[in-house]
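Working notes, beginning with the structure itself.
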Number of protein chains: 2
Amino acid sequence: MANIQEVAKKAGVSVATVSRVLNKQAIVSDKTKEKVEQAIKELNYEPSLLGRNLRTSESRLILVLIPSISNPFYAEIINGIEDTAISQNYNILLCDTDSNPERESIYFNLVKNRMADGVISMDPTVNKERLFELAETYPIVQCSEYDEHGYIPYVTINNEEAAYHAVKHLIDVGHKRIALINSDEKFLYARERRQGFERALAESNLPIEDKWIYHTEEVDFEDGQKAMAHLLELEEKPTAVFAVSDVLAIGALKEIHSKGLKVPDDLAIVGFDKISFSNMTYPTLTTVSQPMYTMGCTAVNMLIDRLQGKEVNSVMLEHELIIRESTT
Amino acid sequence: MANIQEVAKKAGVSVATVSRVLNKQAIVSDKTKEKVEQAIKELNYEPSLLGRNLRTSESRLILVLIPSISNPFYAEIINGIEDTAISQNYNILLCDTDSNPERESIYFNLVKNRMADGVISMDPTVNKERLFELAETYPIVQCSEYDEHGYIPYVTINNEEAAYHAVKHLIDVGHKRIALINSDEKFLYARERRQGFERALAESNLPIEDKWIYHTEEVDFEDGQKAMAHLLELEEKPTAVFAVSDVLAIGALKEIHSKGLKVPDDLAIVGFDKISFSNMTYPTLTTVSQPMYTMGCTAVNMLIDRLQGKEVNSVMLEHELIIRESTT
DNA sequence: ATGAAAGCGCTAACAG
DNA sequence: CTGTTAGCGCTTTCAT
């Protein structure tokens, strides 16, 4: 556990010189550089980032906020975040809030306490007020979920359009009675996807029936099951379902099967997110793919730009409808 | 962004006193405490952990190593880790190595550079040599996967026994031709589960046939599909399959379906891990449940004990066979 | 090209 | 009970 002083002493130079070869920017003569490197090797020296970070007053840590690590939707985004962060010498502090304000508060404090330089929030359940407050002082980027009226830059997709495409596809293959399994409309993405759903219906002169719109409490498999169970009890049943997340769609699929019905013959279904499991269901799930990896990369790049004081603009990425067995 | 000095000045006390009220251990008179708290509030002061950590030479960060964040098996363990870490004022640096030695190397350096106080490794693909080397200097705990000959403490389950139970169950419901979809036997858990598999077979005087043992390259859905495709091409087909992970089992299930076969009538299948998906497949998957949350908690507690210089002993937790539709 | 010295923000002896 | 002071390990002027 040698420190920079011991290295300097052993190499017969000053600590400043050691620091210089460590950071390879300032000019050091080849001879001294060699001496220093020799000393570093002999002492097995590893510079302490604690010291460096205090001095430069940065932590080089990015706080990444997600509502639940169990939700596979976030996995691929995080891959993108991690790759990009590492390439820029940052690391990530992955925090799942479990939609728990207390936890969120702990994580926000990490930023205030300078243990993180900025935050990427992917948590739709985040306390908006507190996030905005934090954003006044610290760089924040929102990823996937965002706030339409806020000034926090974000990277997302066009949810309205994506939902429109999904529902349009159901209409195109002949469905007229289409249900929506939505999550709580306190989430912007839920409101936007509903709008897309309604636009597609309206465009084809199909009625928008309240009874075919179900709002779940959470976004777990069980919520999808419950939603579908409800829809299947209706007098006039839908022939197709658009669920705003694959997890919900998969729960719905499960429920359909356990009622002895067949997909897509009795009921077609389309999900959202293209999580890897959506290709393992029987039948495979038609879904909307988001460029998750790219979203993660973009979010990090935006945040680092902000960290460097640059202006950044919000970004909207392309989505893609993946047609699989559950609708055809 | 006030610092401790400004607070001290405003409160008319020394920085030491401010530090004392911050850490609420030393005795400070109520009057001065109030003054300090007032100053803190007025200045909106938040203590910098960078300064504190440098001084106490700890980062209060725990490095958590997983091979892939997309593998749902780790999600619940991480929940346990996070809850326990937070309750002890630690935070976690979640790092997925992607089984990439270069990344691993970056993460190991985080420890050497004092950005993390210790590591919990759940990565079976980790470079053992380098892990052992690191363990000579820094506290490390292994979770789930471990090394039988190493001196690194671990928390895990009895894999041999768990596999034995799973296979015994298949035998009990009448199967005689049982295949094993195993991952690479460079992993200890894979070797142990194979032993359990063989013990169950031997005990019932069933032959252990090489042709019914398949080793996958990775542990993704696709590997399970490939494995099953292979087994279904055999002249003499098995009537049951034990897969050493739910992800593999779900891939196998998919393949069975797409060949037009039925589970469990044509082929029974049991997985391992009890990931949440395993209850959403059709039919639902019989599997072995590990106490994942508890494993995470235990790992953190062990690590913190080590961080405090205490001796810790490895722990083996209980597993449970969850019988569902895929075998009955 | 290199060194001396200041200081990032905090904690912890030590003194009083 | 409180203040003074010395660092933790590093980077970065400012001289030389």
TODO: Using a 4.0 Å heavy-atom cut-off, write out nucleotides 3-10 of chain C from 5' to 3' as B (base contacted by protein), S (sugar-phosphate only) or - (no contact).
DONE: BB-BBBBB

Open item on the list: Under a plain distance cut-off of 3.5 Å, with no hydrogens placed, do A:T84 and A:S87 share a side-chain donor-acceptor pair?
Closed with: no

TODO: Check each residue of residues 32-42 of chain A for a non-hydrogen atom within less than 4.0 Å of any atom in DNA chain D, then write out the ones that pass by number, or none.
DONE: none

Open item on the list: Whether B:K128 and B:D147 form a salt bridge (side-chain N of Lys/Arg under 4.0 Å from carboxylate O of Asp/Glu) is what I want to check.
Closed with: yes

Task: Test: A:E42 and A:K10 ion pair at under 4.0 Å - done: yes

Task: Contact interval (first through last nucleotide) of DNA chain D with protein chain B, 4.0 Å heavy-atom - done: D:dC1 to D:dG9

Open item on the list: Quick one, A:N91 with B:Y107, criterion side chain to side chain contact (heavy atoms under 4.5 Å, CB included). Give me CA distance, side-chain angles, the key distance, then yes/no.
Closed with: CA-CA 9 Å; A:N91 277 287; B:Y107 294 137; 3.8 Å; yes

Open item on the list: Evaluate A:I86 against B:I106 for side chain to side chain contact (heavy atoms under 4.5 Å, CB included), listing each step before the verdict.
Closed with: CA-CA 9 Å; A:I86 286 183; B:I106 290 173; 3.6 Å; yes

TODO: With side chain to side chain contact (heavy atoms under 4.5 Å, CB included) as the test, would you mind laying out the steps for B:Y90 and B:D117 before giving the verdict?
DONE: CA-CA 10 Å; B:Y90 278 87; B:D117 295 338; 3.7 Å; yes

Task: Candidate pair A:I81 and A:M295, rule side chain to side chain contact (heavy atoms under 4.5 Å, CB included), full reasoning - done: CA-CA 8 Å; A:I81 291 180; A:M295 280 172 76; over 6 Å; no

- [ ] Say whether, by atom type as modelled, one donor and one acceptor occur between the side chain of B:N109 and the main chain of B:K112 under 3.5 angstrom.
- [x] no

Open item on the list: Could you tell me if B:S121 and B:D123 have a donor-acceptor pair between their side chains, going purely by distance under 3.5 Å?
Closed with: no

Task: Identified side-chain hydrogen bond (donor to acceptor under 3.5 Å, both in side chains) counterpart of B:Q290 within the set B:T156, B:N159, B:D273 - done: B:D273

